[in-house]
Amino acid sequence: MAVIETGAALHEAHRDNHTHRDVNGGWLRPAVFGAMDGLVSNLALMTGVAGGSLGHQTIVITGLAGLAAGAFSMAAGEYTSVASQAELVQAELDVERRELRRHPQAEQDELAALYVSRGVEPDLAREVARQLSKDPEQALEIHAREELGVDPDDLPSPLTAAVSSFGSFALGALLPVLPYLLGATALWPAVLLALAGLFGCGAVVARVTARSWWFSGLRQLALGGAAAGVTFALGVLFDTAVS
């Protein structure tokens, strides 16, 4: 009895200390991508205009227009992309559901063969497949996990992806514009704030990945800085060409 209680306590402690982050919720990728895209694209857009020797009022209008257009574009794109993916998964689930209804024994044998291929003894694999196949919905969930690599009950939400993308893009795109809105008339405060934001976003992303914060931050800083430098040079080149 003491051994059982000790084992139960250890299992309970392991369960409490062994948790995972949500990797399928549909918010992290669009949020990260939106913030990075907002920072890089709007910074590059504004530096390109600044390179053309245009006034700061034009730069501000360009930045705000880029913020609005990019945020709505990102939200619409994410919603359509995630919704299309979910519809494709649902279509494949319907196919699997029909197969389970029409050919239950064949699907059960297929599941047993899968477990055998993973090292389970054939007799045990057939028994496990038989028991799991008693409930049609459970069988569908297992086949979806094993054959499609998806969890039917944990598909990303198109609305969550769209809202996350919209908000993060708008926040990222706002950083380069903010110094101008606060009264700055030169480009360098906007560039410094945007580059700091890129480093910060990269460092935050490292909190949910295996990368170190400084590596992730410097990587985003380098990519954003390179994009801004190229567009600024193009702005200067085009301004020279048309002058």
Side-chain angles (χ1 to χ4, degrees), residues 1-36 74-169 204-211:
M1 181 66 69
V3 173
I4 295 176
E5 290 177 352
T6 301
L10 289 173
H11 175 73
E12 191 73 20
H14 173 74
R15 188 185 66 183
D16 291 341
N17 294 319
H18 188 75
T19 58
H20 294 283
R21 293 181 289 262
D22 177 17
V23 296
N24 294 317
W27 66 269
L28 180 59
R29 184 190 64 83
V32 171
F33 181 68
M36 298 300 181
M74 285 287 294
E78 283 293 339
Y79 186 92
T80 302
S81 174
V82 176
S84 299
Q85 182 183 12
E87 290 164 1
L88 175 60
V89 171
Q90 289 298 336
E92 292 301 314
L93 289 175
D94 290 339
V95 172
E96 192 64 36
R97 189 178 285 109
R98 286 195 298 271
E99 289 299 309
L100 285 168
R101 186 172 60 252
R102 294 173 181 174
H103 309 290
Q105 187 58 50
E107 291 296 310
Q108 182 176 316
D109 292 342
E110 181 181 1
L111 191 60
L114 178 64
Y115 290 141
V116 170
S117 69
R118 295 186 176 181
V120 180
E121 294 181 358
D123 290 342
L124 179 59
R126 284 191 292 270
E127 178 61 20
V128 170
R130 185 188 68 80
Q131 293 191 28
L132 292 177
S133 299
K134 289 181 179 179
D135 182 355
E137 287 304 312
Q138 178 177 255
L140 175 64
E141 180 179 337
I142 294 170
H143 279 274
R145 289 176 183 271
E146 299 294 347
E147 297 180 28
L148 303 177
V150 298
D151 183 350
D153 298 325
D154 192 26
L155 296 178
S157 165
L159 183 60
T160 298
V163 171
S164 299
S165 180
F166 182 94
S168 59
F169 185 98
V204 169
V205 170
R207 299 282 295 179
V208 292
T209 65
R211 288 290 188 181

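Scanning for side-chain hydrogen bond (donor to acceptor under 3.5 Å, both in side chains) contacts around Q105 gives D109, with sequence neighbours left out. For Q85, the side-chain contact (heavy atoms from CB on, under 4.5 Å) test picks out no residue, with sequence neighbours left out. Every side-chain contact (heavy atoms from CB on, under 4.5 Å) that V163 has, sequence neighbours left out, goes to L159.
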Taking only distance into account, with no hydrogens and no angle test, what donor-acceptor pairs under 3.5 Å do side-chain atoms of residues 117-128 form with protein atoms, sequence neighbours excluded?
{"residue": "S117", "atom": "OG", "partner": "L114", "partner atom": "O", "Å": "2.5"}
{"residue": "R118", "atom": "NH1", "partner": "E146", "partner atom": "OE1", "Å": "3.0"}
{"residue": "R118", "atom": "NH2", "partner": "E146", "partner atom": "OE1", "Å": "2.8"}
{"residue": "D123", "atom": "OD1", "partner": "R126", "partner atom": "NH2", "Å": "2.3"}
{"residue": "E127", "atom": "OE1", "partner": "R130", "partner atom": "NE", "Å": "3.2"}
{"residue": "E127", "atom": "OE2", "partner": "R130", "partner atom": "NH2", "Å": "2.6"}
{"residue": "E127", "atom": "OE2", "partner": "Q131", "partner atom": "NE2", "Å": "2.7"}

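Contact record, A129 with S133: O-OG, 2.6 Å, taken as the closest heavy-atom pair. Closest approach of A144 and P152 over heavy atoms only: CB-CG, 3.7 Å. When every heavy atom of V82 is checked against every heavy atom of A161, the shortest pair comes out as CG2-CB, 3.7 Å.
The main-chain N or O of T160 is found under 3.5 Å from a side-chain atom of S164 such that the two form a donor-acceptor pair. Checked by atom type and distance alone, the side chain of Q138 pairs as donor or acceptor with a backbone atom of L132 at under 3.5 Å. At distances below 3.5 Å, at least one donor-acceptor pair connects side-chain atoms of S84 with backbone N or O atoms of T80.
Counted by atom type alone, E107 and H103 present zero donor-acceptor pairs between their side chains at under 3.5 Å.
Counting heavy atoms of neighbouring residues, nucleotides and ligands inside a 6.0 Å radius, atom OH of Y79 does not exceed 12 of them.
Screening residues 81-95 for salt bridge (Lys or Arg N to Asp or Glu O under 4.0 Å), with sequence neighbours left out, gives D94-R97. Residue pairs meeting the salt bridge (Lys or Arg N to Asp or Glu O under 4.0 Å) criterion with at least one member in residues 133-144, sequence neighbours excluded: E141-R145.
Side-chain atoms of L155 and Q90, non-hydrogen and from C-beta on, do get closer than 4.5 Å to each other. The shortest side-chain heavy-atom distance between F33 and M74 falls under the 4.5 Å cut-off.
Between the NE2 atom in H143 and the CG atom in L148 there is a gap of 10.5 Å [rounded to 0.5 Å].
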